[in-house]
Structures are given as C-alpha cells and as structure tokens.
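Below, chain A is the first sequence line, B the second, and so on; all start at residue 1. Excluded from the calculations below are hydrogen atoms, water molecules and symmetry mates; all remaining heavy atoms, backbone and side chain alike, are included. Source: prediction; values computed, not measured.
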There are 2 protein chains.
Amino acid sequence: MAIRTKLNDLLGIEHPVLLAPMAGVSGGALAAAVTQAGGLGQIGGGYGDADWLGREFAAAGNARLGVGFITWKLAQQPHLLDMVLERQPVAVFLSFGDAGSFAETIRRSGSKLIMQVQTLEQARAAIDAGADAIVAQGTEAGGHGGSRATLPLVPAVVDIAGELPVIAAGGIADGRGMAAALMLGAAGVLCGTAFFASDEALSPEGAKAVATAASGDHTLRSSVCDVARGLDWPGAWNLRTLRNHFSDRWAGEVESLKADAAAQRDIYASAAAKGDFDTAAVIVGEGVDLVTRREPAAAILTRMVTEAEALLKAAPGYVAAPA
Amino acid sequence: MAIRTKLNDLLGIEHPVLLAPMAGVSGGALAAAVTQAGGLGQIGGGYGDADWLGREFAAAGNARLGVGFITWKLAQQPHLLDMVLERQPVAVFLSFGDAGSFAETIRRSGSKLIMQVQTLEQARAAIDAGADAIVAQGTEAGGHGGSRATLPLVPAVVDIAGELPVIAAGGIADGRGMAAALMLGAAGVLCGTAFFASDEALSPEGAKAVATAASGDHTLRSSVCDVARGLDWPGAWNLRTLRNHFSDRWAGEVESLKADAAAQRDIYASAAAKGDFDTAAVIVGEGVDLVTRREPAAAILTRMVTEAEALLKAAPGYVAAPA
C-alpha cells in the first residue's frame with residue numbers, strides 16, 4: 001500500500017516522506033536509499049563545498065533527489081545553486097534566510113522550490129516568494145531551527161497556505177508522528193533525526209551509537225555548537241543537539257564562550273575529529289526517543305509508512321455512537 | 001456522534017477532552033460548560049484560595065468536575081486537598097512537583113489521580129506514584145510548563161505508560177490537533193488556550209480581546225511574569241505568555257528585574273488591575289493562532305470534536321494502492 005496526498009504528485013513519489021537535508025549527514029547514499037524506499041531523498045548542501053556536493057551527487061547514482069541549502073550561506077556562494085541545478089534535482093530546499101532571486105532561478109529551472117519556515121510570518125514570505133511547498137518546522141527538530149513547536153505551527157500554516165502543500169517537520173520519527181501530521185493538515189513529513197543513525201547516514205559511527213541510546217529529555221537549543229564551530233549564524237536560529245559536557249559548561253555563558261572562541265574552537269575541532277561526543281555535538285532532535293537502533297534507511301521509512309497506514313485505516317474506530 | 005477512547009470510561013465522559021485547570025481562568029462556570037458539552041471541566045486551584053475554590057465549586061452547581069492543583073504550592077497548604085476531596089471531584093489533577101503523599105490520599109478518596117508531566121523522567125515518576133492517567137504537556141502550552149514539545153513527547157510517554165491513558169496537552173486548539181493527538185497514541189486531549197477567550201472563562205475581557213487577535217508567533221516562555229507577580233517558582237518551569245512591552249523589556253534581564261522586584265511588582269499589579277496588557281501578561285500558548293473569537297465553551301468543544309470526527313472518519317482515504 002501507499003500513503004497518498006497532493007505531495008506525491010508534486011514530487012513524483014510513492015510516500016510523502018522527505019529526508020531532511022542534514023548538513024554532513026544526508027549524503028548521496030542516504031538520499032538514494034530514501035528515494036529507493038518511496039520517499040524523496042535530499043542531499044544536504046550545508047555550508048557549501050562544491051567537491052563534497054559533486055561527490056555525494058555521484059554517490060546517489062541516478063536516484064531522483066532533492067538538495068537543500070542554508071539560504072544565508074548560499075547567498076555567499078551562489079554558484080553552488082547553478083552547479084546543483086545542472087543536475088536537475090526534483091526539488092531545491094531552502095531554509096534560514098531570504099530566498100531573494102534564488103526562488104525565481106529555481107522555479108525557472110524546472111525543479112520544485114521547497115521552502116522551510118519556522119514562523120507564520122516566514123510562511124507568508126515563502127508563499128509570496130512562490131514556493132511550491134512549505135515545510136513548517138517546529139523547535140523540537142534537531143539542528144537549526146526556531147522557537148515555535150510543530151503541533152500548533154502546522155495547522156496555522158495550513159490555514160494561510162491555500163492549496164500549497166505544507167510539510168510537517170520537527171519531532172516526527174515514526175508512523176504515529178506521520179499520521180498525526182496528516183491530521184494536522186500537512187501533506188507530508190520531513191524527517192532528519194529518524195534517519196540520523198541509519199546505516200547510510202554520514203553521521204560518525206560514535207554519534208549514531210550515542211543517538212540510539214539517548215533520551216529526548218536531554219536535548220537543548222543553543223548557539224554553543226555554532227560558536228564552537230566558528231559559524232556566524234544570523235537571526236534567531238540556533239541549534240538543537242543532545243546535551244553533553246561541553247554544552248552544559250557553556251549554554252548559560254555564550255558570551256564567555258565567544259570571548260574564548262579561538263581556543264575553544266581548537267578544543268571542539270579536535271574532539272569532533274576524535275569522535276569525542278562529550279565535547280562534539282550529536283545533532284538530533286527530540287524525536288530521538290523513537291530512534292533505538294542502527295538500521296537501513298529503507299527499514300525506517302517502510303516501518304514509518306506501514307505504521308501510519310495502520311493508524312489511518314483504524315482511525316474511524318475512534319468515532320462511535322454516544323454511549 | 002462521539003469520540004471514544006479508554007479515557008471516556010475512566011472519567012465517565014462522552015468526549016475525551018479535558019479543560020486545563022487554568023489558575024484564575026478555569027472557574028466553575030467554564031468547568032461546568034465543558035462538562036455539559038461532553039468533556040471534563042476542571043477548576044483551577046491555582047495558588048490556593050479556599051474562598052475562591054468554594055465559590056467556584058458553587059458556581060459549577062452539581063456538574064461533574066475535576067480540580068487542578070500546582071503541586072509544590074499545594075504542599076504549602078495541604079488542607080485545600082481535603083476541602084476539595086469532600087466535594088468528591090471526578091479527578092484531581094496535579095502538576096509541577098513531587099506528589100508525595102497526595103497521590104495516595106487522592107486515590108483512596110475515589111477521585112481519579114491525573115498527573116501532568118513535562119518530561120519522560122517525570123512520566124516515569126507519575127507511573128510509579130500510581131497515576132490513573134498522565135498528561136504529557138508540551139512546551140507550546142500556555143502558562144507554566146517545560147521545554148519538551150508535544151508531538152515527540154506524547155508517543156515517548158505512551159511507550160512507557162503501558163495501559164495507562166496518556167492525555168496530550170500543549171498546542172491543541174481544534175479538531176486537527178485532537179485527531180493528531182489520537183494518532184500519536186494519546187487517549188485524549190487537555191486544552192487551555194482553546195477556552196481562554198470563551199464566554200465563561202474568568203479571563204479579563206481585555207485579555208480575551210488580545211488573545212483572539214494574537215499570533216502564535218508572538219509568545220515566549222520566561223520567568224518575567226512570575227517575578228513580577230512575586231511568585232517564587234521552583235525547578236525548571238516557567239510561563240508561556242504573549243509577548244508584550246513588559247516582557248520585551250525584561251526577558252533578557254531577569255536578574256535585573258529581580259533586583260528591582262518590589263517596584264516592578266507594584267507596576268505589574270497596577271497594570272493587571274487596570275487591564276493594561278502592555279504590562280500585564282496574557283497567558284496563552286502557541287495554539288492562540290486558532291483562537292479567533294469569543295464564544296461559548298460548548299461551541300468550541302463541539303466544533304473541535306465534530307472536526308476531529310470528520311478527520312478520523314476520512315483518514316483511511318490517505319491509504320491507497322501504489323500508483
């Protein structure tokens with residue numbers, strides 16, 4: 001069976017499940033595996049590395065793909081968009097910043113324009129920019145995001161989106177979350193954390209092990225990891241990660257961390273290189289409670305869809321004649 | 001028609017919808033109206049005022065009711081529990097603190113014990129304390145709460161709750177949210193913001209007007225309002241309100257606010273008395289996008305249930321043979 005919404009036709013997919021284009025995690029192999037299983041894999045363009053992008057597109061073979069960019073970073077190296085559009089991706093996904101002329105360039109290329117937003121105000125801007133679909137991302141998502149939560153944000157975005165498909169993101173890691181998203185009015189889901197520990201993800205093996213054992217009680221949003229990586233994120237966005245020794249030390253003292261940034265960047269980079277996750281961040285969201293084992297991406301997607309199908313088919317059972 | 005889950009039998013209700021026992025807002029008239037419409041109304045015991053409680057129980061007439069307490073505050077005036085149990089409420093709802101001996105007292109009284117939690121760790125403690133139902137409350141809720149979000153918290157709590165009913169709270173203000181909660185595995189929903197602007201709510205008229213016009217983009221969690229009200233909240237809990245001039249001034253400077261607390265408490269109290277909501281807080285959550293008019297509580301509940309029924313009955317339509 002399949003789950004069908006208007007998103008299936010827009011993107012030419014069997015199930016309305018998109019891989020979040022996680023920077024450094026969603027490479028070609030993972031994206032291809034998600035597409036192969038009936039969803040839409042998306043390569044994470046991240047902070048922009050043409051060689052990395054070329055390699056990961058190659059690793060995906062001829063799988064149908066999307067590719068995601070951090071909008072404010074893409075604006076510093078717009079040639080990467082041209083490079084990617086030559087490969088004719090199904091969709092280009094933009095998040096975190098003003099799309100400016102990218103929106104028009106992408107739509108004219110024939111790729112679909114998917115814009116991720118964290119507020120209702122940003123959703124209005126995405127509609128005005130001509131997005132083909134809008135991702136409403138809640139604060140419970142891993143990685144960068146905002147402060148609004150998925151459950152109330154999605155229906156509010158749906159109410160202003162008219163016929164545009166809205167995709168729910170943030171906290172969705174199984175079939176229950178997927179079925180819930182459809183009830184909220186979403187036409188599909190975008191999942192990152194659910195695939196973080198998959199076989200094909202480029203996440204370090206040690207980080208996968210930490211993630212599968214972790215509780216969603218132990219994540220936080222902060223700028224600590226960005227400062228420690230020397231990333232100068234604008235606006236109100238920050239990063240959800242698992243808490244660790246380093247974030248506990250600095251989360252309440254980001255200004256002090258900035259003052260000592262040069263030394264702390266060395267410490268952080270060295271820890272990341274060694275796979276020391278007491279210092280380096282494991283970048284997952286609150287859905288990590290539902291991620292309990294390392295397994296192939298196809299198994300994750302198939303289980304999610306199968307569970308959602310069962311819940312949706314049984315849903316009328318909640319409705320009964322009054323007692 | 002009705003929506004039925006195991007919560008209906010536990011509480012003797014027609015629809016699994018509970019009124020959040022909002023301090024100073026959920027009085028007897030609102031609680032009775034929610035019960036009358038098929039849910040379970042709950043009076044907000046708040047910070048503990050025996051006269052107020054007696055008056056609001058009287059205002060509810062002989063409606064079946066729950067009553068909610070702030071656990072750490074109840075511990076300072078435990079006689080209020082005895083006073084309430086004499087009225088044989090359907091349920092006593094505890095949130096924010098260690099239930100201690102209250103759990104046993106409530107269960108022995110014949111009232112059901114509903115315990116609200118904000119983390120998975122607290123959910124384990126509530127199960128151990130012998131709760132009859134657990135409310136998993138997400139950070140998007142108005143009023144006091146924690147940092148985890150509803151959508152990923154609910155299924156994680158369901159996974160450890162066994163046969164205990166889990167009630168979803170935070171961000172649920174229409175039938176979409178209710179249907180989504182059921183898909184997440186919840187046996188019902190608890191709603192506060194949805195009823196904040198209802199005719200029967202004790203919220204000031206001016207606050208109702210502000211709430212119906214507000215966007216969920218403009219809420220925040222902070223301790224500002226508690227400090228300004230002289231409330232010494234323990235632990236990691238703080239308050240979600242609409243942002244206003246006062247919260248914008250102080251949210252980044254809570255320590256400075258504490259240093260000037262005496263003067264600021266006067267300013268705040270005076271504003272609250274006058275209905276000046278540039279200074280006094282309107283205590284609602286992110287679901288406020290979906291609250292667009294002042295109307296009877298019964299209309300809100302009936303629309304929520306009717307919408308959820310339609311969504312649940314149509315849910316199998318998402319499942320199709322592969323294209």
Side-chain angles (χ1 to χ4, degrees), chain A residues 1-5 8-9 14 38 119-121 138-140 147-156 158-159 168 170-174 176-185 215-217 219-221 285-290 308-309 311-323, chain B residues 1-5 8-9 14 38 119-121 138-140 147-156 158-159 168 170-174 176-185 215-217 219-221 285-290 308-309 311-323:
Chain A
M1 300 299 279
I3 294 187
R4 292 195 61 81
T5 73
N8 298 47
D9 294 332
E14 188 182 349
T119 66
L120 211 45
E121 187 180 344
T139 185
E140 53 266 67
S147 60
R148 295 208 54 178
T150 305
L151 197 149
L153 179 59
V154 168
V158 167
D159 282 342
I172 300 162
D174 68 9
R176 292 175 291 186
M178 184 178 183
L182 297 177
M183 293 296 98
L184 293 173
S215 166
D217 281 5
T219 76
L220 88 165
R221 275 206 169 277
E286 290 187 42
V288 75
D289 283 315
L290 309 173
E309 286 174 355
L311 289 166
L312 294 164
K313 280 160 64 172
Y318 284 110
V319 185
Chain B
M1 300 300 279
I3 294 186
R4 291 195 61 79
T5 72
N8 298 49
D9 294 332
E14 187 182 349
T119 65
L120 210 46
E121 188 180 345
T139 186
E140 53 265 67
S147 60
R148 295 208 53 180
T150 305
L151 198 148
L153 179 60
V154 168
V158 167
D159 283 341
I172 299 162
D174 68 8
R176 292 175 290 186
M178 184 177 183
L182 297 177
M183 292 296 100
L184 293 173
S215 166
D217 281 4
T219 76
L220 88 165
R221 274 205 171 278
E286 289 188 43
V288 74
D289 284 315
L290 309 173
E309 285 174 356
L311 289 167
L312 294 165
K313 280 159 64 171
Y318 284 110
V319 184

Q.
Just by distance, no angles: are the side chains of B:R148 and B:T139 close enough, under 3.5 Å, to form a donor-acceptor pair?
A. no

Q) Side chain, backbone, both or neither: which part of A:T119 has a non-hydrogen atom closer than 4.5 Å to chain B? A) both

Q: Heavy atoms only, distances under 4.5 angstrom: which of A:D217, A:L120, A:V319 has the most pairs with chain B? Name it, please.
A: A:D217

Q.
Under 4.5 Å from any heavy atom of chain B, what part of A:L220 do you find: side chain, backbone, both or neither?
A. neither

Q.
Is any side-chain heavy atom of B:M178 closer than 4.5 Å to one of B:L311?
A. no

Q. With respect to chain A, which residue among B:E286, B:E309, B:K313, B:E140 yields the maximal number of heavy-atom pairs within a distance under 4.5 Å?
A. B:E286

Q) Which bit of A:L184 comes within less than 4.5 Å of chain B, counting heavy atoms only: side chain, backbone, both or neither? A) both

Q) Looking at side-chain heavy atoms only, is the closest gap between B:L290 and A:D159 below 4.5 Å? A) yes

Q. Would a 4.5 Å heavy-atom cut-off, applied to side chains only, mark B:D289 and B:S215 as touching?
A. yes

Q | Note, B:R176 side chain near A:M183 side chain (heavy atom, < 4.5 Å) | A | no

**Q.** Option that, when pairs with chain A are counted at under 4.5 Å, heavy atom only, ranks first among B:G287, B:G216, B:A179
**A.** B:G216

